[in-house]
Amino acid sequence: MKYGYFDDSRREYVITTPKTPYPWINYLGMEGFFSLISNTAGGYSFYKDARLRRITRYRYNNVPIDMGGRYFYIKDGDTVWNPGWSPVKTELDSYECRHGMGYTIITGKKNGLKAEATFFVPQGYDGEVQQLVLTNESSAAKSFSLFSFAEWCLWDAQDDSNNFQRNFSTGRVEVVGSTIYHKTEYRDRRDHFAFYTVNTDIDGYDTDRDSFIGLYNGFGDPQAVLAGEANNSFADGWAPIASHFKKITLAPGESKTLVFILGYVEMPADQKFEADGKTINKTKALAMIEKYNTPEKVAAGMAELRAAWDKLLGILNVETPNDKVDRMVNIWNQYQCMVTFNLSRSASYFESGIGRGMGFRDSNQDILGFVHQIPDRAKERIIDIASTQFPDGGCYHQYQPLTKKGNADIGGDFSDDPLWLILSVSAYIKETGDWSILDEMVPYDNDMSKAQTMLEHLKVSFYHIVDNLGPHKLPLAMRADWNDCINLSCYSDTPGESFQTYTNPKFAAEGGYSKVAESVMVATLFTYTGPNYVAILKHLGKDDEAKAAQDAIDAMKKAIMDSAWDGDWFLRAYDANGEKMGSKECEEGKIFIEPQGFAIMSDVGKEQGADVKTLAAIDERLNTKFGLVLNNPAYSKYYIQYGEISTYPGGYKENAGIFTHNNAWIICAAAYAGQGDLAFKYYSEIAPAFTEETSDIHKTEPYVYGQMIGGKDAGSDIGRPGKNFGQGKNSWLTGTAAWNMVAISQYILGIMPDFDGLKVDPSIPAEWDGFTAVRKFRGAIYNITIKNPDHVCKGVKTLTVDGKAVAGNVIPVLGAGEHTVEVVLG
Ligand code: BGC
Ligand code: NOJ
């Protein structure tokens with residue numbers, strides 16, 4: 001069942017009912033000011049840091065769901081309604097929500113009155129603009145009242161939700177004309193305030209929540225709205241809000257447009273006040289208001305926003321026989337990659353904005369998805385990440401976006417982390433040809449006195465793996481690898497211990513983690529990423545170092561085949577007792593997804609058919625109609641030696657859930673192995689546009705990936721396996737976005753930046769006749785046509801560039817201008 005449709009020409013998803021199976025959200029903002037907005041206008045805003053500069057309040061995990069947002073209430077006679085249905089939930093005569101690139105338009109109609117609200121954050125602007133167009137579509141004049149609403153958060157979202165003994169006494173506002181200023185703590189220690197304004201005179205206002213809503217009422221029945229009158233209340237402590245009240249009369253057919261702005265302002269400490277030393281100096285705020293206080297200015301702001309997205313989405317465009325693929329590649333997958341760049345894992349409807357910082361591995365992988373869109377910012381990001389590495393190649397697992405410093409509470413020793421840096425730096429060079437990133441001086445542990453070149457960072461990353469091998473010459477698993485729920489040194493039996501940070505004292509003498517537990521996943525990730533490091537060394541003419549690195553990769557491949565090949569697939573790990581994990585011999589969890597794809601893509605055991613066998617085993621044991629489960633069979637008991645993974649009921653998260661992130665690794669591997677039909681099958685099982693038809697099961701947004709989909713075992717814990725099979729969770733902020741962008745664009749469609757040019761090597765469904773693509777790459781535009789007359793999956797028979805035959809499948813780097821590329825498969 002669907003709850004809307006894609007409008008590709010406008011790059012929008014159009015939701016046609018407010019009662020989606022979960023709130024379906026969008027993001028506004030690209031640089032400093034960000035908003036989350038659901039299809040019923042729920043959500044909140046923050047400046048840069050969702051914890052420390054939370055502007056409006058939101059109640060996570062509330063009953064009912066999605067409470068708190070920017071709301072317009074209309075009281076028309078006895079009927080009170082919102083254009084987005086919630087929170088009053090009066091049935092509307094019509095409803096539509098259009099989520100677009102950085103904007104959302106919500107339109108509701110009731111009793112002949114139409115209200116269309118457009119929400120966006122203009123380019124380079126620290127505020128959310130809300131344009132409300134009210135149209136009387138009836139044949140009689142209409143008089144009604146309008147109330148706006150926003151609830152201020154007292155800045156630190158964590159403190160705001162627990163320090164009530166103080167916070168109920170600190171709230172402060174100022175009201176001047178039609179602008180309500182939120183200035184809690186501004187007098188004392190903060191140099192920032194927020195405002196909510198409207199470009200018209202008003203008939204009243206409220207700034208005190210209890211006066212507006214009523215102590216025993218909710219957002220759905222605010223007493224001021226029910227009474228049809230504002231109280232002109234003034235918050236002093238308790239909960240400050242901002243609500244404008246306006247009486248409006250419209251002749252038949254008449255429209256009125258109001259522009260509201262929710263803004264954030266920072267002031268230099270010595271300019272915070274007017275001469276009286278108390279009143280906010282509003283110069284900056286007024287200039288901000290001036291910028292978007294008419295519909296014409298709003299239209300110009302929207303046009304600028306559209307132009308920015310035209311540019312960001314103009315680097316890669318494809319036309320394939322499948323319009324779902326086109327809308328994923330050209331629009332939504334790229335959009336999601338930009339959002340993960342902006343937000344990392346901080347603020348979504350599943351991430352509260354107060355928990356996690358920027359992950360070392362997560363942020364490196366995100367780069368793979370957006371480096372073609374914003375290479376300069378990718379470079380800056382890579383340097384920020386690498387700056388939190390230690391001289392021995394280990395790294396802080398997380399860093400804080402505001403300070404950019406490594407997070408000592410979480411620490412390091414996640415075995416996969418360093419390898420992702422090799423991958424992100426390589427992706428940057430392949431996209432841009434800018435080898436100078438390797439010469440950048442990058443600190444260790446954020447200490448510039450310990451800076452070394454980025455090349456040196458790659459070296460220590462590579463050798464951090466080589467220098468930390470276990471008994472089978474496989475990499476030590478340490479605290480965890482990519483699957484941070486496989487914690488082989490944890491042995492936790494005490495509630496509340498974090499599996500991510502706790503290691504059992506029994507490993508204290510060994511430096512904090514087992515020197516026996518080994519990760520096969522890291523071994524294969526090493527053989528997959530390592531060749532990039534070798535290629536870089538060769539390019540720099542460092543042949544001896546290249547050879548040494550290649551030898552280490554070959555040795556790892558041998559170790560994998562000697563000790564980690566289980567006959568039909570690769571093992572997952574050796575635990576701290578030296579026992580196999582992810583083997584036929586195991587009672588549960590016999591096969592895991594993570595090591596397989598990287599092994600196939602680095603040809604481990606290829607000469608003995610390991611790739612073909614592994615793909616067959618995956619198809620047989622892991623595949624379902626909603627994607628590949630992470631492991632099988634699911635764990636039905638707690639295995640203390642494995643850690644968090646077996647704490648989840650079967651079918652959820654890392655315990656046999658469908659982890660869409662690592663599904664992409666198998667899609668890539670199947671494509672790499674020439675099995676384009678298989679790759680496409682797996683792709684279409686999880687790609688959001690394909691899940692649209694089953695939105696009632698999938699629940700989360702059909703335009704973006706979530707981190708997880710319930711596996712076939714979901715529900716098994718309560719004796720109903722399959723109960724929540726196919727149910728998506730944790731949408732938006734996940735490495736899934738980047739990896740599936742890589743999978744579809746680079747492996748299936750096969751347009752893959754390489755060190756020396758643009759490789760074109762599709763691995764597509766055999767039934768396709770071909771496809772076309774436009775790719776901007778290193779200053780040139782390539783118009784690519786792929787023809788598939790023999791209906792093969794893979795294999796470039798001929799490649800011509802501007803009419804000239806080119807050997808192989810790499811388009812050399814050409815000068816600026818447009819080039820015609822023709823590829824015939826066969
Ligand atoms: C989750 C993981 C997450 C980890 C770190 C675990 O509880 O299952 O997906 O990466 O916490 O925050
Ligand atoms: C989510 C985390 O953000 C990511 O780092 C991890 O790899 C996955 N969970 C898998 O456990």
Side-chain angles (χ1 to χ4, degrees), residues 15 18-19 23-26 28 35-45 55-59 62 64-76 79-92 95-97 104-110 113-120 127-134 144-153 178 180 182 194-198 202 204-214 217-231 233 235 239-246 248 258-262 349:
I15 303 167
K19 292 171 223 171
W24 286 1
I25 73 163
N26 194 14
L28 317 178
S35 297
L36 286 75
I37 180 165
S38 72
N39 57 311
T40 58
Y44 61 93
S45 303
I55 296 167
T56 51
R57 189 174 277 163
Y58 187 74
R59 290 168 180 75
N62 201 11
I65 198 169
D66 197 21
M67 276 299 118
R70 67 291 278 157
Y71 295 132
F72 295 116
Y73 294 90
I74 293 168
K75 183 170 191 307
D76 180 8
T79 310
V80 176
W81 60 283
N82 309 103
W85 178 65
S86 191
V88 177
K89 298 188 189 140
T90 299
E91 287 303 319
L92 299 176
Y95 160 92
E96 181 188 86
C97 168
T104 288
I105 305 172
I106 298 177
T107 310
K109 281 191 205 177
K110 186 75 191 170
L113 183 63
K114 175 176 160 192
E116 180 193 279
T118 302
F119 305 89
F120 73 110
E128 177 181 307
V129 173
Q130 309 168 346
Q131 174 171 277
L132 182 67
V133 184
L134 298 156
F144 57 92
S145 307
L146 172 75
F147 298 80
S148 69
F149 176 80
E151 182 179 8
W152 304 115
C153 181
S178 302
I180 297 161
H182 175 226
F195 65 85
Y196 192 36
T197 190
V198 58
I202 51 177
Y205 58 85
D206 271 299
T207 70
D208 169 55
R209 190 183 72 204
D210 291 344
S211 306
F212 180 75
I213 292 187
N217 296 35
F219 293 116
D221 54 353
Q223 65 186 17
V225 179
L226 297 184
E229 201 67 57
N231 304 291
S233 64
I241 58 147
S243 172
H244 305 96
F245 168 56
K246 174 96 183 149
I248 298 171
L258 302 175
V259 184
F260 296 82
I261 300 172
L262 178 75
Y349 268 27

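Heads up: numbering here begins at 1 and tracks the sequence.
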Quick one: closest heavy-atom pair of Ala150 and Thr56, and the distance? CB-CG2, 4.4 Å
Just verifying a value: how many Å separate Ile180 CD1 and Thr207 OG1, rounded to the nearest 0.5 Å? 6.5 Å
Lys75 meets the salt bridge (Lys or Arg N to Asp or Glu O under 4.0 Å) criterion, sequence neighbours left out, with none
Criterion side chain to side chain contact (heavy atoms under 4.5 Å, CB included) on Leu146 and Leu258, from CA distance to verdict: CA-CA 11 Å; Leu146 172 75; Leu258 302 175; 3.4 Å; yes
Applying side chain to side chain donor-acceptor pair (under 3.5 Å), can you list everything that pairs with Thr197, at least two apart in sequence or on another chain? Thr179
Option passing side chain to side chain contact (heavy atoms under 4.5 Å, CB included) with Val129 (candidates Val259, Thr118, Leu28): Val259
Are the side chains of Asn217 and Pro222 in touch, meaning some heavy atoms are under 4.5 Å apart? no
Can you name the nearest heavy-atom pair linking Ile241 to Trp152, along with the distance? O-NE1, 3.4 Å
Those residues that, when tested against Ser233, pass side chain to side chain donor-acceptor pair (under 3.5 Å) (two or more places apart): Asp206
Drop me the distance from Glu229's CD to Ser145's OG, to the nearest 0.5 angstrom. 7.5 Å
Stepwise, does the salt bridge (charged side-chain N to carboxylate O under 4.0 Å, His left out) test hold for Glu91 with Lys19? CA-CA 11 Å; Glu91 287 303 319; Lys19 292 171 223 171; 3.0 Å; yes
Residues at least two apart in sequence or cross-chain that pass salt bridge (Lys or Arg N to Asp or Glu O under 4.0 Å) with Glu151, listed by chain then number, are Arg57, Arg59, Arg209
Quick check for you: to the nearest 0.5 Å, what is the distance between Tyr205 atom OH and Ser211 atom OG? 11.0 Å
Return the set of residues passing side chain to side chain contact (heavy atoms under 4.5 Å, CB included) with Asp210 (not counting sequence neighbours), or none when no residue passes. Asp208, Leu215
Residues forming a ring-ring contact (aromatic ring centres under 6.0 Å, His included) with Phe219, sequence neighbours excluded: Phe149
List the residues meeting side chain to side chain donor-acceptor pair (under 3.5 Å) with Gln131, not counting sequence neighbours, and say none if there are none. none
State, to 0.1 Å, how close Arg70 and Ser35 come at their nearest heavy-atom pair, and which atoms those are. NH2-CB, 3.4 Å
Please examine the side chains of Lys109 and Leu92, heavy atoms only from C-beta on, and report whether any two atoms are closer than 4.5 Å. no
Who pairs with Lys110 by salt bridge (Lys or Arg N to Asp or Glu O under 4.0 Å), at least two apart in sequence or on another chain? Asp93
Taken in chain and number order and not counting sequence neighbours, the residues that satisfy ring-ring contact (aromatic ring centres under 6.0 Å, His included) with Tyr349 are Tyr58
Nearest 0.5 Å please: distance from the OH atom of Tyr73 over to the CG atom of Asp221. 8.5 Å
If the condition is salt bridge (Lys or Arg N to Asp or Glu O under 4.0 Å), which residues does Glu96 pass it with, not counting sequence neighbours? Arg98
For the residue pair Leu132 and Ala117, what are the closest heavy atoms and their distance? CD1-CB, 3.9 Å
What about His244 and Tyr196, are their ring centers closer than 6.0 Å? yes
Go through the steps to decide whether Phe119 and Glu128 satisfy the test side chain to side chain contact (heavy atoms under 4.5 Å, CB included), and finish with yes or no. CA-CA 7 Å; Phe119 305 89; Glu128 177 181 307; 3.6 Å; yes
Candidate pair Ile105 and Glu116, rule side chain to side chain contact (heavy atoms under 4.5 Å, CB included), full reasoning: CA-CA 7 Å; Ile105 305 172; Glu116 180 193 279; 3.8 Å; yes
In sequence, state the C-alpha distance, the side-chain angles, and the governing distance for Val198 and Ser148, and then conclude on side chain to side chain contact (heavy atoms under 4.5 Å, CB included). CA-CA 9 Å; Val198 58; Ser148 69; over 6 Å; no
Only counting residues at least two apart or in another chain, list the ones meeting ring-ring contact (aromatic ring centres under 6.0 Å, His included) with Phe245. Phe147
For Ser38 and Asp66, the nearest pair of non-hydrogen atoms, with its separation, is OG-OD2, 2.7 Å
Evaluate the side-chain proximity of Phe144 to Leu113: yes if any heavy-atom separation is below 4.5 Å, no if none is. yes
For the atom pair OG (Ser45) and CG (Leu262), what is the distance rounded to the nearest 0.5 Å? 5.0 Å
Of all the heavy-atom pairs spanning Phe212 and Val225, show the shortest one and how long it is. CZ-CG2, 3.6 Å
Atom CD1 of Ile25 and atom CG of Asn39: how far apart are they, to the nearest 0.5 Å? 10.0 Å
Show me the side-chain donor-acceptor pairs of residues 80-88 shorter than 3.5 Å, one per line, residues at least two apart or across chains.
from  : atom 1 : to    : atom 2 : distance (Å)
Asn82 : OD1    : Val88 : N      : 2.8
Asn82 : ND2    : Phe72 : O      : 2.8
Trp85 : NE1    : Lys89 : O      : 3.4

